[in-house]
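These numbers come from a predicted model, not from an experiment.
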Amino acid sequence: MHYLFTYGTLQNISIQKQVFGRTLAGIHDVLNGYQISSEKIMGRYLVIEKTNKKESKTEGIVYELHKSELIKVDLYEGKAYKRIKVGLKSGKSAWVYLKA
């Protein structure tokens, strides 16, 4: 199983059903050292950026996914985003998507 930290559209139930064919159950968590960027992908979609500032944080939801579901997210996010591994406030190691 893999953890995925989300901060945008993947928290939307209709998007989850479209991408995964099901609704996900997640838990709140925090990604320190990152913030929501003022820049948006395609002028519409949120993206986070690393700040290296202790006071910066992004609140989001963590979902547990199978490897096959993570590949579905790669396809959904497309070439505009890249997936990296991060450490969360909870101590979990999770994947998150940043601007490519």
Next on the checklist: If I take atom CD from residue Gln35 and atom OG1 from residue Thr51, how far apart are they, to the nearest 0.5 angstrom?
Outcome noted: 5.5 Å
Item to check | Atom NZ of Lys99 with >12 non-hydrogen neighbours under 6.0 angstrom | outcome: no
Item to check | Min side-chain heavy-atom separation Arg22-Gln16 under 4.5 Å | outcome: no
Next on the checklist: For Lys57, I'd like to know if atom NZ has over 12 heavy atoms of other residues, nucleotides or ligands within 6.0 Å.
Outcome noted: no
Next on the checklist: Using 0.5 Å steps for rounding, measure from the OG1 atom of Thr9 to the CG atom of Leu46.
Outcome noted: 8.0 Å
Checklist outcome for this item: For Lys89, the salt bridge (charged side-chain N to carboxylate O under 4.0 Å, His left out) test, sequence neighbours excluded, returns none
Checklist entry - Is there a side-chain contact between Lys50 and Leu98 (heavy atoms, below 4.5 Å)? => result no
Item to check | Leu70 and Arg83, any side-chain heavy atoms less than 4.5 Å apart | outcome: yes
Next on the checklist: Using side-chain contact (heavy atoms from CB on, under 4.5 Å), reason through His66 and Met1 one step at a time and then give a plain yes or no.
Outcome noted: CA-CA 5 Å; His66 296 282; Met1 295 302 274; 3.3 Å; yes
Next on the checklist: Return the CD to CG distance between Glu64 and Leu4, rounded to the nearest 0.5 Å.
Outcome noted: 11.5 Å
Next on the checklist: Please determine whether residues Phe5 and Ile15 belong to a single hydrophobic cluster, defined as Ile, Leu, Val, Met, Phe, Trp and Tyr linked transitively by side-chain heavy-atom distances below 4.5 Å.
Outcome noted: yes
Please tabulate, for the side chains in residues 26-34, all donor-acceptor contacts under 3.5 angstrom to protein atoms that are two or more places apart in sequence or on a different chain.
residue: His28; atom: NE2; partner: Glu59; partner atom: OE1; Å: 3.0
residue: Asp29; atom: OD1; partner: Ser90; partner atom: N; Å: 3.2
residue: Asp29; atom: OD2; partner: Ser90; partner atom: OG; Å: 2.4

Item to check | Parallel, tilted or perpendicular: ring planes of Tyr81 versus Tyr97, cut at 30 and 60 degrees | outcome: perpendicular
Next on the checklist: Looking at Ile13, is its backbone amide N or carbonyl O close enough to the side chain of Thr23 to form a donor-acceptor pair, meaning the two atoms are under 3.5 Å apart?
Outcome noted: no
Checklist entry - When clusters are formed by joining ILVMFWY residues with side-chain heavy atoms under 4.5 Å apart, either directly or through shared neighbours, do Ile84 and Tyr45 land in the same one? => result yes
Checklist entry - Are more than 12 heavy atoms from other residues, nucleotides or ligands located less than 6.0 Å from atom CG of Leu75? => result yes
Checklist entry - side-chain contact (heavy atoms from CB on, under 4.5 Å) between Trp95 and Val73: does it pass, once the steps are laid out? => result CA-CA 11 Å; Trp95 294 105; Val73 182; over 6 Å; no
Checklist entry - Do Leu65 and Phe20 touch side chain to side chain, with heavy atoms closer than 4.5 Å? => result yes
